[in-house]
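None of these values were measured; they are calculated from a predicted model.
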Amino acid sequence: MLESKKENYCGCNVTMYRIGDHLWISNVMTNEQHLVNQFDYNKMMWVQTTYTTDEIEELFNISSHVLK
């Protein structure tokens, strides 16, 4: 079972799922994107961005089946 946490993003509660030590990804939101919290080892800080499912598959090599 994946570890999860709730996060407030632009006034909406989003459930984030832990994919690895440095990566948390939400289910698809109403804007057809996923909220992503990723640790940037160059800057040594957490970065929050949004990506489409296709972008996540390409950038992080994660199957879209995991994101549903």
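For Ser26, the side-chain contact (heavy atoms from CB on, under 4.5 Å) partners are Val14, Met16, Met29, His34, Leu35, not counting sequence neighbours. With sequence neighbours left out, the side-chain hydrogen bond (donor to acceptor under 3.5 Å, both in side chains) criterion links Asp40 to no other residue.
Checking side-chain atoms of Glu3 against main-chain N and O of Arg18 turns up no donor-acceptor pair under 3.5 Å.
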Side-chain donor-acceptor contacts of residues 42-50 below 3.5 Å, not counting sequence neighbours, with atom names and distances?
{"residue": "Gln48", "atom": "NE2", "partner": "Glu7", "partner atom": "OE2", "Å": "2.6"}
{"residue": "Gln48", "atom": "NE2", "partner": "Asn37", "partner atom": "OD1", "Å": "3.2"}
{"residue": "Thr50", "atom": "OG1", "partner": "Gln33", "partner atom": "OE1", "Å": "2.9"}

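By the neighbour-count criterion of 12 heavy atoms within 6.0 Å, atom CG of Asn13 is densely surrounded, having more than that number from other residues, nucleotides or ligands. Counted within 6.0 Å of CD on Glu58, heavy atoms from surrounding residues, nucleotides or ligands total 12 or fewer; the atom is thus considered open.
Here Thr15 contributes atom OG1 and Ile25 contributes atom CD1; the two are 14.0 Å apart, rounded to the nearest 0.5 Å.
Annotation: side chain of Leu23 is in contact with side chain of Ile62 (closest heavy-atom distance under 4.5 Å).
Using bins of under 30°, 30° to 60° and over 60° for the plane-to-plane angle, the ring pair Phe60/Tyr51 lands in the perpendicular bin.
In plain terms, the two heavy atoms of Thr52 and Glu55 that are nearest each other are N-OE1, 2.9 Å.
Hydrophobic clustering, with ILVMFWY side chains joined whenever heavy atoms are under 4.5 angstrom apart, keeps Phe39 apart from Ile19.
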